[in-house]
Amino acid sequence: MEGKEEDVRLGANKFRERQPIGTAAQVQDKDYQEPPPAPLFDSSELASWSFWRAGIAEFIATFLFLYITVLTVMGVVKSPTKCGTVGIQGIAWAFGGMIFALVYCTAGISGGHINPAVTFGLFLARKLSLTRALYYIVMQCLGAIVGAGVVRGFEGGTTFKLNGGGANTIADGYTKGSGLGAEIVGTFVLVYTVFSATDAKRSARDSHVPILAPLPIGFAVFLVHLATIPITGTGINPARSLGAAIIYNKDHAWDDHWVFWVGPFIGAALAAVYHTVVIRAIPFKNK
């Protein structure tokens, strides 16, 4: 039976962080030991069942995420009257609610990323190895493709394509620059929330204020969708955008597809730098 340290913790940090439990007044910086960064390459992971299990969990979670959310989008788009649907608010709740549920279910197995941008940000912060990061991203994209494919099977090819397939595109009246900016800021909000909600040092310092990590993460996704659905349909998740685009497969879904990779990755990188350098000041420790 494998040790618990092989399981990926919240935030995808498989290295146990030891800290005393207490209030902010009881916990000082000197009492906290910064965990070592994850190795860039860790071939030993490939021999561990927990590694492969984590990727499977990411695949299933992303599949379920696309299945529920794209079905919700299709229900809103194909309705002749928006008053008879959940509307934009309902779409935002579907995305945020599913992230809340799926992060809660998979956090102890894979870290509950369900998003290549989150994986990329945590990799930059040295919370997981490059080996694991690439494996997660591949499994997330495959899960998204299968999830969108199942929705197409339910809806029928003609209806699916007539109603946009849930694909992300930049709305009329907005430039590529506007769409890119919306994706950068939206992903920054999400990944910054992930870092804050899963920060072990903060959990030790503020243990008198319990936080269920999936809740703020899901709520961040909900709020970002409310703000940016009218601009880009809200990507902030390259796997979600890729899965819908592949199954929809119309030219206009690919015209601006780069925005839904470049934007989230830039936003994730900025969030990783902000949390690591400014909030935690890790590069300046022991100096």
Side-chain angles (χ1 to χ4, degrees), residues 65-66 68-83 85-99 114-118 120-121 140-141 144-145 147-148 151-152 159-194 217-271 274:
F65 179 60
L66 266 288
I68 295 296
T69 55
V70 174
L71 265 180
T72 304
V73 171
M74 296 296 290
V76 171
V77 172
K78 72 180 184 181
S79 176
T81 169
K82 298 300 180 277
C83 294
T85 71
V86 296
I88 288 179
Q89 293 89 347
I91 293 174
W93 275 121
F95 278 89
M98 279 304 290
I99 287 296
I114 321 169
N115 185 336
V118 171
F120 179 66
Q140 289 158 359
C141 290
I145 294 168
V151 173
R152 175 173 175 164
T159 301
F160 186 83
K161 291 194 173 184
L162 284 175
N163 291 299
N168 289 121
T169 57
I170 297 175
D172 293 338
Y174 292 95
T175 65
K176 288 181 173 61
S178 297
L180 181 63
E183 290 295 305
I184 291 173
V185 176
T187 310
F188 179 91
V189 171
L190 169 59
V191 179
Y192 176 41
T193 303
V194 169
I217 296 171
F219 202 62
V221 171
F222 165 70
L223 293 174
V224 171
H225 275 76
L226 282 182
T228 58
I229 282 176
I231 303 174
T232 62
T234 308
I236 67 171
N237 183 334
R240 174 262 186 271
S241 300
L242 178 67
I246 285 178
I247 301 302
Y248 180 54
N249 199 29
K250 291 287 187 179
D251 288 344
H252 67 276
W254 294 111
D255 290 342
D256 304 317
H257 186 69
W258 63 271
V259 168
F260 302 100
W261 283 85
V262 175
F265 273 56
I266 292 176
L270 292 175
Y274 178 65

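Position 1 is the first residue of the sequence, and the numbers go up from there.
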Could you grab the distance from atom [atom1] of [X] to atom [atom2] of [Y], nearest 0.5 Å is fine?
X	Y	atom1	atom2	answer
Leu190	Asn237	CG	CG	8.5 Å
Thr234	Glu183	OG1	CD	7.0 Å
His225	Thr232	NE2	OG1	8.5 Å
Ile217	Ile99	CD1	CD1	8.5 Å
Leu180	Ile231	CG	CD1	12.0 Å
Ile229	Gln89	CD1	CD	8.5 Å

What pair of heavy atoms forms the shortest contact from [X] to [Y], and how long is it?
X	Y	value
Leu66	Ala148	CB-N, 4.0 Å
Ser241	Asn168	OG-OD1, 2.8 Å
Ala220	Thr193	CB-OG1, 3.7 Å
Gly166	Ala244	O-CB, 3.6 Å
Thr187	Ala117	CG2-CB, 3.8 Å
Ile91	Val73	CG2-CG2, 3.9 Å

State, with a plain yes or no, whether a side-chain heavy atom of [X] is found less than 4.5 Å away from one of [Y].
X	Y	value
Val189	Leu223	no
Ile266	Val262	yes
Asn115	Pro238	yes
Asn163	Tyr248	no

**Report entry** side-chain hydrogen bond (donor to acceptor under 3.5 Å, both in side chains) involving Asp255 - partner list, sequence neighbours excluded
**Finding:**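 Scan of Asp255 (side-chain hydrogen bond (donor to acceptor under 3.5 Å, both in side chains), adjacent residues dropped) gives none.
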Once you measure the plane-to-plane angle for [X] and [Y], does it fall in the parallel (<30°), tilted (30-60°) or perpendicular (>60°) bin?
X	Y	value
His257	Phe260	tilted
Phe265	Trp261	tilted
Phe65	Phe95	perpendicular
Tyr274	Tyr192	perpendicular

Report task. Could you note down all residue pairs passing salt bridge (Lys or Arg N to Asp or Glu O under 4.0 Å) where residues 167-182 supplies at least one of them, sequence neighbours left out? Result ->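 Applying salt bridge (Lys or Arg N to Asp or Glu O under 4.0 Å) to every pair that reaches into residues 167-182, excluding sequence neighbours, yields Lys176-Asp256.
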Query - Any side-chain donor near an acceptor of the partner, Ser178 and Thr175, under 3.5 Å - result: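 Side-chain D/A pair, Ser178 to Thr175: present.
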Query raised in the report: Any donor and acceptor pair, going by atom type alone, linking the side chain of Thr72 with main-chain N or O of Ile68 inside 3.5 Å?
Result: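 Side chain of Thr72 to backbone of Ile68: a pair is present.
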Report task. Begin from the C-alpha positions of Trp93 and Leu226 and carry the test side-chain contact (heavy atoms from CB on, under 4.5 Å) through to its verdict. Result -> CA-CA 9 Å; Trp93 275 121; Leu226 282 182; over 6 Å; no
